[in-house]
Every structure is written in structure tokens, then in C-alpha cells.
Amino acid sequence: MRMSELFFTTLREDPADAEMPSHRLLLRAGYIRPLGAGIYSLLPLGMRVNMRVTQVIREEMNAIGAQEMLMPVVHPADLWRETGRYDQIGPEMGRFNDRGGRDMVLAMTHEEVVTDLLRKLINSWRQLPQQMYHFQTKWRDEPRARGGLIRVREFTMKDAYSADRDEAGLDRSYKLYYHAYTRIFARLGLEAIAVASDVGMMGGSLAHEFMAFSTFGEDSLVLCDGCGAAANRQVAAVRREVGASTPQEPLKEIATPGASTIDELAAQLKVPASTCAKAVFFADRDGRLIVAIVRGDDEVEETKLTNAIGARDLRPAREEEIRAAGMEPGYASPVGIKGATVVVDELVASTANMVAGANKAGYHLTGVNVGRDYTPTAVADIASAKVGDACLACGGQLRIENGIEVGNIFKLGTRYTGALGATYADEAGVSHPIVMGSYGIGVGRAVACIAEAHHDEKGLSWPISISPFDAQIAIVGANKDPKVTEIALALEVAAEAAGIELLVDDRAETPGVKFADAELIGAPWMITISPRSLEAGGAEVTRRSTGERSVLPIGAVLDAIRAAQASDRAAVEAELLARGYPPRHSARDPHPAA
RNA sequence: CGGGGUGUGGCGCAGCUUGGUAGCGCGCCUGCUUUGGGAGCAGGAGGUCGGAGGUUCGAAUCCUCUCGCCCCGACCA
């Protein structure tokens, strides 16, 4: 490809409204352009990276026996009514009417459609298991798009689905995807780990998220270096010391003027924050008030709270809602109130004689005991894991890092097949619902994460496996010697024949511009061909990631690139093998370990 | 949806407080010179100042409403 013909432009200055490096650089280097909030065009450079990423995913999907297909973006709403999600899902789903006035939806995901196909195509146990996937556009009207391709409203997802006859089959399928995903992210140059996660709107029983480490990550990952346990903070359980059993003291009201926060309260009473009960208020979709009680040194983890009581759409409660329930913000507790759902953290439930609000401004109660002084609706682990907490599995110290979710795998079970009546007949002719899993990767987000992980102050620096071009040629000094252009273009032709894609900078720009743009665009090698390089023996080859430079005879350049590509790929495979993730597993083969 | 910010040629910004002919840098076009780290000189093109309404002799500037976008929080690949 000649750069003079490439549909793109680089920007010399950073776009004002891009913060994250991937956003900034993908814009500046001419990979993407926004159309609206969270809606992007992929320019040819961006599309090339997208295709490379897609190809890696495709190869690994095919390797586990998944079959590529394509399902529509526009669905009849009736199908979504059958699973109940048409009403469950809020404004993040795009809805419209066709010309006949029928309700239609834009795909946010494809469980409904794939399950509809299963019920139409699968009749017998002999047809199972099945694995299928596609790359398709999703529309999710996110409340807030952000960070360029990191969180957008329209995006391409690779979503795969497994269909098995029973839980054991689903276990096997799940492990296959775990295996494939590990291989995919390694091949994409992403350091990603699988963490236990919430099942969210997908439903189902077990889920892992694959998280790319990033300081800009929106999720907090709770990690144990001791045993390798990893979980999303939303669901991370930790080992918690149970309070010593102390005799219960009588309830006593004390004046605590101005102590409307836990810090002030603990300071005023000279007691540790852990002995104070913190009340946090939420309201659900129907306006029902929910009081969550955690220890003063803990925070409420909303996802855990949501799951503990099967609530939906929690939001912070408004002050008037709290007062309406008979509580005093700043001095609130469930003691003496009625009508609210009270969820108590298990640690609070096992701690005697806590300090809690008196529901009267300026007063607290001491000697508060759960069960005696108030009755909780539920007792559950609803506190956020903290740095330094003890690992549930091994007791080791936990640490917390930020990550970006690039993929997830869900055990759906019969959530959809049950609702839609997708069944098969077993050997005895008895009908059973098909057992499903679903497995997603956001392609554009993966691209953005790779850019986050592979860039420097000068620009992008793609891994060899997914760069838009294998190398970029800077033609320098063509005015002094027309031969350099000839040689460069001949090299491009030879490369094409060898299956190597070069981007040749034949523009009438000064060398400085060409070098700067090459570094911005970030192909793994920059090849300079100039009178000077020819004199030195051929082409000057610079490795983008290291800045390492050498001069090679023109005839040796392509071989060198190919050799480097091969050894890079071999190194990734060797590492994957060492970790227990060799290539090639069929869905019907026994699986090693995952 | 709450909070904060911002909207002025393709990009980055000034001008707004104190109303009076819309400016700067980069990029773009033409010519000449230049050519190994974002060239120089000369000439040139390009803007309903996000939109609507209002105040005023006069609005980028003041007022009201509205829309877009970005960032921070509650949600997700």
C-alpha cells in the first residue's frame, strides 16, 4: 500500500477531548473517527487491525470446533418477549417499529436468536454438542460512552454459544472456551487474566471475565499472589474474622453532636471504626427502600447487595426517602424503624455491641445487637473486598488492581432454552432442555486494550501479530537519487508475493514527518531506504518496540521480517505450552487442564 | 441520570470580563528553494462563532431556552 493513496490523516496535535492513550493515539494516527458519542468509524488502518484481531479469534474458535455463522442485527421483539428480556432490559436496548408497526429491537446480544435456531434445528442427543459463533454488531445504549473504543454504544462482538445435553457437557465446553480465550489474549499481546464475575443480565450460574490490566481499567480485580485466586471486586469474597462472643450490653443512647460520619463518630467516642455500624441507603426500581449495614471500616458492594436480595436497578436513596422511613441521615440505623428492607453484612451480624445511629440528630446508640435490637431481612456478605484482606482460599494478603473486561464466558444453563422450549430427545426418547453457555469478546475493545498496552510517547507500537501493516517503508532522499523510490516500490511488490504487507511512505514529505508518522502509526518495523542507506549496504531496519537498528541488504529484508514473525509466534506458542494451553482442541476431545 | 467542563475554518486555541468590520499557530492549495527527525520564503483558499429566541442602532461577546461533545460518579464486551 502506498501511503500517498491511504485514506487517512495523522494529527500533529492531540485531540482535545481524548484522555486515554489508546483513544488519543488511535485518533491521532488515523485509525478511527467518531461519528457520535460512542459511535466510531474504523478507517482503513483501524479496519486492518480489526481484521487481524478477528482472524486470531476466528482461528482459536475454529480450533475448538466452533462454527462461524451470522445472525441478524434486527430482531422481532416477540422473541425477546418470550424470554422476558424485552421488559427486563431498560433503555440500553434499541427499539423501533418497522413499517407494519411491529416492535423490533436492535441486537444487544444473540442468546434469543441462537436459542431460536437451536429449537428449530436440534431434535436429538445425536446432534449435541454444538458450538457456533459469529462476529456481529451490537447496539447497547450505554448511559455513558467513554475512552474511545474502550466503551462504545455500537460495537462488534464475537459471541459464541455452546449447546450441550447436560451440565457435564457444559463444563467441558466452558473449559474449552477458557482455554481458547487464554490463547487468544496471549496471541493478541494482551496480559489478561480470568476472574470470577457476576452473571449480570445474562443470568446463569458461573461466569468468568477476562481482564486486561490497565490503570485506566473500570473494574477492580481482587488478586491473591499466594494461590492465584482472582475475582472481580463486585463478587470477591474474603476471609473474615468473626467477632469474639461478648456478652450483650444494654442499649444506651448517647449524645454525639456533629458526628454524622463514621470518622467523626469513631474519633469522638475513641473507638475503632470497625465497631460502628454504617448504614447505606438504596432504593430499587419500585422505590422500595433498602438499608444496607456494614462495619464502619467497610464499604457496601452494590453488586453483592443486589444479588443478596434479588433486587434490580438499585440507586442511592434520596434524603426524603430515608426520612420517610423514619430514619435520620447521618444518625440513621434500623433500630426502631419499620417497612424497609434491612440487609446486614455477616460481619456486623456476628459483632456484638456496635455503635449505631439513634435516628435523632446528634445522638447514637451503643450496645446495639442484631436480632435483639432490630431484625434484618437478610444477612449476607455485602462488603467490598479491601487491599490487605485475607484470601478466602489460602489466607494470603489480597491486592487490588484495575482491569478492562475484554471477554467473558458464562454458564447459561437452561435459562434461555427453557424459556424458548429448545429441547432434545435423549436415548430413551425423553425430552430435555439444551444446556447452554455463551462466550463474548469485544473486538474493538480488544484493539483499544492492545493499544493501551503497546504504545510509548511517540505513538503506537503494535505487536507483530496484529499490526495493520507488517512494516512501513520511509522513502528518504528520492530527489537525490530516484533509485530509492524504485527500490522501495519493487520491495513492496516482492513483499506482496511473499504475503507480507508493507506501507510505503511515498509522500512528498520531509524525512522528519515520515519518521514521526511511522512511529505514530506503530508498525513493528520501519524500513528506511535512502541514498545513505544504500551506500551503507541496503535498507535501514528499525524495530519500533526497541529502537534497535540495523542495515540489511535489500534482498534480505523480507526474510528477516518473516523470520522475526515466525520466532515471535513460536515464542508465544512456547509460553502457552508452558502454561498448559497448547493449540488445537476439538470440542469432542477430552480436555487437558484449564 | 446526577456533578463538572466545553462548543469560534480540517486540528489546537485566543477574542467574551468592558457589545462596534473574526484573529493566531499547525494543516491545506500555488510557485520557488529545501530534503536523515515534524523545512524556508512568497502568494492564496477556507469560518451562518453549535442551534433557536430575546435585549440593543449594533451580539462570538449580554439574557433565556435548547442541542452536541468530553471528563468524574451509578451500568457493561
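Sequence lines set the chain letters: A, B, ... in the order given, protein chains first and strands last, and positions in each chain run from 1.
The CZ-C1' distance, from A:R153 to B:C69, rounds to 11 Å in whole Å. As rounded to whole Å, 17 Å separates atom P of B:C69 from atom CZ of A:R33. Rounding to whole angstrom units, CD1 of residue A:I409 and P of B:A77 are separated by 13 Å. Distance A:R28 CZ to B:G10 C1': 16 Å, rounded to the nearest Å. One interatomic measurement links the two molecules: NZ of A:K458 to P of B:G38, which rounds to 12 Å at whole-angstrom precision. Atoms CH2 (A:W139) and P (B:A77) sit 17 Å apart, rounded to a whole Å. B:C75 atom P lies 15 Å from atom CE of A:M108, rounded to whole Å. One can place CG of A:L106 at 18 Å from P of B:A77, the figure rounded to the nearest angstrom.
Base pairing of B:A22: no nucleotide in any strand meets the Watson-Crick or G-U wobble criterion (both distances under 3.5 Å). B:C1: Watson-Crick or G-U partner is B:G73, with both key distances under 3.5 Å. When both distances must be under 3.5 Å, the Watson-Crick or G-U wobble mate of B:C32 is B:G40. The partner of B:G68, taking Watson-Crick or G-U wobble pairs whose two distances both stay under 3.5 Å, is B:U6. Checking B:C62 for Watson-Crick or G-U wobble geometry (two distances, each under 3.5 Å) identifies B:G54 as its partner.
Judged by distance alone with a 3.5 Å cut-off, a donor-acceptor contact links the side chain of A:E519 to the base of B:G37. The base of B:G12 lies outside donor-acceptor range of the side chain of A:D14, with no N or O pair under 3.5 Å.
Within 4.0 Å (heavy atoms only), A:G440 reaches no atom of the nucleic acid at all. Within the 4.0 angstrom heavy-atom criterion, no nucleotide atom of any strand lies near A:T156. At a threshold of 4.0 angstrom between heavy atoms, the contacts of A:V406 are confined to the sugar-phosphate backbone, with no base atom among them. Within 4.0 Å of A:R507, counting heavy atoms only, lies no atom of the nucleic acid at all. As judged by a 4.0 angstrom heavy-atom cut-off over every strand, A:V443 is placed among residues making no nucleic acid contact. Nucleic acid contact class of A:K480 (heavy atoms, under 4.0 Å, all strands): sugar-phosphate only. Contact annotation for A:T9: no contact, since no heavy-atom pair falls under 4.0 Å across all strands.
Distance noted for atom P between B:C29 and B:G23: 24 Å (whole Å). Between the C1' atoms of B:U30 and B:C70, the separation comes to 38 Å (whole Å). B:C57 and B:C67 have their P atoms separated by 31 Å, given to the nearest Å. Nucleotides B:C63 and B:C13 have their P atoms positioned 24 Å apart, rounded to a whole Å. The separation of B:A22 from B:G3, taken at their P atoms, amounts to 37 Å, rounded to a whole angstrom. B:U61 and B:G4 have their C1' atoms separated by 23 Å, with the value rounded to a whole Å. Atom name C1', nucleotides B:G15 and B:G53: the rounded distance is 25 Å, in whole Å. Spacing of P atoms, B:A59 relative to B:G51, comes out at 14 Å, to the nearest Å.
Between the CD atom of A:E60 and the OH atom of A:Y133 there is a distance of 10.5 Å, given to the nearest 0.5 Å. Once rounded to the nearest 0.5 Å, the distance linking CE of A:M3 with CZ of A:F469 reads 9.0 Å.
At distances below 3.5 Å, not a single donor-acceptor pair connects side-chain atoms of A:R549 with backbone N or O atoms of A:E540. Panel note: side chain A:R140, backbone A:M108; a donor-acceptor pair is recorded below 3.5 Å. Side chain of A:H110 to main chain of A:A107: no donor-acceptor pair is present (N/O by atom type, distance under 3.5 Å, no hydrogens or angles). Distance alone, capped at 3.5 Å, is enough to place a donor-acceptor pair between the A:K514 side chain and the A:D505 backbone.
In this structure, A:F155 counts as stacked on the base of B:A77 under the 5.5 Å centre distance and 30° plane angle limits.
Regarding contacts with the backbone of B:A39, a side-chain N or O of A:T510 is found under 4.0 angstrom from either OP1 or OP2. Note on A:R12: a side-chain N or O is less than 4.0 Å away from OP1 or OP2 of B:G27.
Between A:G444 and A:L520, the residue anchored closer to the 5' end of RNA chain B is A:L520, taking for each the nucleotide with the nearest heavy atom. If A:P15 and A:P511 are placed on RNA chain B by their nearest nucleotide, the residue sitting closer to the 5' end is A:P15.
Figure legend: cation-pi geometry between A:K158 and A:F135 absent, as NZ or CZ is not positioned both under 6.0 Å from the six-membered ring centre and within 45° of its axis. Judged by the 6.0 Å and 45° rule, A:R153 forms no cation-pi pair with A:W139.
Ring orientation note: the planes of A:Y177 and A:Y439 are close to parallel, at an angle under 30° on the 30°/60° scale.
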Restricting both atoms to N or O, compile the protein contacts to nucleotides 70-74 of chain B shorter than 3.5 Å, with distance only.
from, atom 1, to, atom 2, distance (Å)
B:C70, O3', A:D17, O, 3.2
B:C71, OP1, A:G147, N, 3.4
B:C72, OP2, A:R144, NH1, 3.4
B:C72, OP2, A:R144, NH2, 2.8
B:C72, OP2, A:R146, NE, 3.3
B:C72, N4, A:R144, NE, 3.4

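Distances from the side chain of A:E142 to the nucleotides B:A77, B:C28, B:G12 place B:A77 closest. For A:V513, the listed nucleotide lying nearest its side chain is B:A39; candidates were B:A77, B:C11, B:A39. Counting only heavy atoms from C-beta on, A:E13 has its side chain closest to B:G12 among B:A77, B:G38, B:G12.
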- prompt: Where do A:Y174 and A:H208 land on the ring-ring contact (aromatic ring centres under 6.0 Å, His included) test, with the steps shown first?
  reply: CA-CA 10 Å; A:Y174 194 82; A:H208 282 88; 5.8 Å; yes
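Note: A:Y178 and A:F210 meet the aromatic proximity criterion, with ring centroids under 6.0 Å apart.
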